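Because only heavy atoms are used, hydrogens play no part in the values below, and waters and symmetry mates are left out as well, while side chains stay in. None of the values given here were measured: they were computed from a predicted structure. Nothing fancy with the numbering, it's 1 onward along the sequence.
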Amino acid sequence: MWSMNPTHGTVLISGGGIAGPALAYWLRRAGFTPTVVERAGTIRSGGHRIDLGATGIEMLTRMGVGERIRGLGAPIPNPTLYLGDNDHEITIPVQPNSVGTSIALRRGDVVSTVNSLVADDVEFIFDDSITAIEQSAESTRVSFERGPSRDFDLVVGADGINSNVRSIAYGPRERYAHFLGTNLAITEVENYLGLRDQMLAHTWPHCGLAITTFPGNTALETTFLIRDEEPLDPRGRSPESVFAYVERRFKYHRWEVHNALDRIRPRPDFHAAPSVQIKMPTWTAGRVALVGDAAYCPDPMSGEGTTLALAGAYVLAGELAAARGNPAAAFPAYEKVMREVVKAGQGVAEAGTSMLAPRTGPGGLWLRDQAMRAAVPIIRLGARLGLSLAGTNKVGLAIPTYDFSRSPLRSARGERG
């Protein structure tokens, strides 16, 4: 029978974003010794805005930073949609069960907050990455690009959609990346419209533009979504050629398109990529596991990526603690819990992409717009009555509760609390 002794319990986590440090936090609580390796020279706290629902906030609350996160956030904005060539304006009320339970955040604020919980008592290796993983019955030997090889009990890839660990242990990205039929371009610009906690959006056949305030209202996030048969691969292409692709697809559209493009053109942080979900038959193999976007990226338009990362880190650590660090018992339990959670989170991606980049042509889009105009009074009435329209809220995910204070690893090491 596999047993834990005081020399065991070392876990190497690849990735210093959200999932990796969150996993390190819970593993440390359970008595493990986590180490985080990050390719960058420091924690990368930039990134897009996040709409975090009740489940994501609950995960952070269990980490003791719920109030801090709420203080950094802002209300979820009421979306204002502009329909047709005449830019007919309709505002859709935020649904009542999201008020006070969902907040808008900068991704960087979540990264910084989670990392602050482990900065003082978890080893971080910066400016390095894993090049090989050799597994045995008792441990893994990990080779690094810069540092010397080291032995760990377990290795976890929390290194994003282009996961290095996934490529080493499970095979190339193309095997698991599923193109959703849209290409995405996101950039932060100054708040040239003077918006306050607002989201504006306009759709046309096969494409759309959303302009949304960041918390604090000093900046806007512009999101261009383009439906296409081929995924955009920005690797090996200059920023100018990627920008030209976006400009070409929107050049006949008006509204705020050209004002937004003019502000994006000179920016070095212009980011474009295909909308992709990661789908895998298993997230664990021997002594190697995946968590967060590396395992089950739901696509940015779903708004569920951060929640799945936080939930996955919590569940993986909880099952490892319950199994005394035995991956043969913990990993199947982790997968069993997270399969339904991931299914729900990934399931909302199509709704987001179809809303901003409709699959239909002009006639079908006109019919959709008329249906939306007719539905708005019903939604407003429901909001006044405290009712919720099905499908308009972020997914509620059922996450178990683990008692890390009773972890066998803690008692084995004489640790308290």
Side-chain angles (χ1 to χ4, degrees), residues 46-52 74 76-83 87 91-92 94 102 104-108 161 179-193 195-228 231-232 234 239 242-251 253-277 293 297-306 348-359 365 394:
H48 51 79
R49 67 187 297 280
I50 296 170
D51 289 347
L52 197 62
I76 299 293
N78 282 331
T80 298
L81 308 182
Y82 293 85
L83 308 179
D87 301 337
T91 298
I92 300 177
V94 172
S102 298
L105 291 154
R106 282 183 173 272
R107 179 184 179 277
I161 192 170
F179 179 52
L180 299 182
T182 55
N183 292 310
L184 184 72
I186 301 178
T187 308
E188 180 178 338
V189 301
E190 70 279 6
N191 188 355
Y192 70 96
L193 291 171
L195 302 180
R196 294 192 61 79
D197 299 326
Q198 290 178 270
M199 189 273 277
L200 312 180
H202 203 312
T203 61
W204 300 271
H206 312 297
C207 65
L209 168 62
I211 302 174
T212 313
T213 53
F214 276 97
N217 297 305
T218 60
L220 303 174
E221 182 176 82
T222 59
T223 303
F224 290 86
L225 192 65
I226 302 166
R227 195 163 291 281
D228 207 331
L232 175 67
V242 176
F243 178 85
Y245 163 80
V246 177
E247 188 176 42
R248 183 170 62 253
R249 293 298 299 266
F250 281 86
K251 68 179 180 179
H253 302 310
R254 299 184 181 276
W255 191 57
E256 282 296 320
V257 166
H258 297 289
N259 286 333
L261 287 172
D262 286 345
R263 285 162 175 81
I264 290 171
R265 189 186 308 270
R267 299 190 67 92
D269 59 347
F270 176 71
H271 171 75
S275 299
V276 168
Q277 284 186 343
D293 280 356
C297 174
D299 175 62
M301 293 303 295
S302 73
E304 298 293 335
T306 299
V348 302
E350 174 59 26
T353 56
S354 295
M355 176 61 71
L356 191 57
R359 294 179 179 275
L365 183 59
K394 295 180 72 61

Side-chain donor or acceptor of [X] paired with backbone N/O of [Y] under 3.5 Å:
{"X": "R249", "Y": "R227", "answer": "yes"}
{"X": "T187", "Y": "T222", "answer": "no"}
{"X": "S275", "Y": "T182", "answer": "yes"}

Straight-line distance of [X] [atom1] to [Y] [atom2], nearest 0.5 Å:
{"X": "L209", "Y": "L225", "atom1": "CG", "atom2": "CG", "value": "10.0 Å"}
{"X": "L81", "Y": "M199", "atom1": "CG", "atom2": "CE", "value": "6.0 Å"}
{"X": "L105", "Y": "L52", "atom1": "CG", "atom2": "CG", "value": "6.0 Å"}
{"X": "T306", "Y": "I50", "atom1": "OG1", "atom2": "CD1", "value": "3.0 Å"}
{"X": "R359", "Y": "H206", "atom1": "CZ", "atom2": "NE2", "value": "10.5 Å"}
{"X": "L184", "Y": "T353", "atom1": "CG", "atom2": "OG1", "value": "10.5 Å"}

With a 4.5 Å cut-off on side-chain heavy atoms, are [Y] and [X] touching?
{"X": "T212", "Y": "T223", "result": "no"}
{"X": "T218", "Y": "N191", "result": "no"}
{"X": "V276", "Y": "C297", "result": "no"}
{"X": "R106", "Y": "E188", "result": "yes"}
{"X": "L193", "Y": "L200", "result": "yes"}

Taking all heavy atoms of [X] and all of [Y], pick out the closest pair and write down the distance.
{"X": "E247", "Y": "R265", "answer": "OE2-NH2, 3.0 Å"}
{"X": "V246", "Y": "A185", "answer": "CG2-CB, 4.0 Å"}
{"X": "P231", "Y": "P274", "answer": "CB-CB, 3.7 Å"}
{"X": "A104", "Y": "D51", "answer": "CB-OD1, 3.7 Å"}
{"X": "P298", "Y": "A349", "answer": "O-CB, 3.3 Å"}
{"X": "N217", "Y": "R196", "answer": "OD1-CA, 3.3 Å"}

Contacts of type ring-ring contact (aromatic ring centres under 6.0 Å, His included), residue [X], not counting sequence neighbours:
{"X": "H48", "value": "none"}
{"X": "F243", "value": "F270"}
{"X": "Y245", "value": "none"}

N259 meets the side chain to side chain contact (heavy atoms under 4.5 Å, CB included) criterion, sequence neighbours left out, with Y192, E256, R263

Quick one: list whatever passes side-chain hydrogen bond (donor to acceptor under 3.5 Å, both in side chains) with R254, sequence neighbours left out.
-> none

Can you say whether the rings of W204 and H202 are parallel (under 30°), tilted (30 to 60°) or perpendicular (over 60°)?
-> parallel

Show your working on side-chain contact (heavy atoms from CB on, under 4.5 Å) between C207 and H253 and close with a plain yes or no.
-> CA-CA 10 Å; C207 65; H253 302 310; 3.6 Å; yes

Under the salt bridge (Lys or Arg N to Asp or Glu O under 4.0 Å) test, which residues partner E221, sequence neighbours left out?
->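 Here no residue qualifies.
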
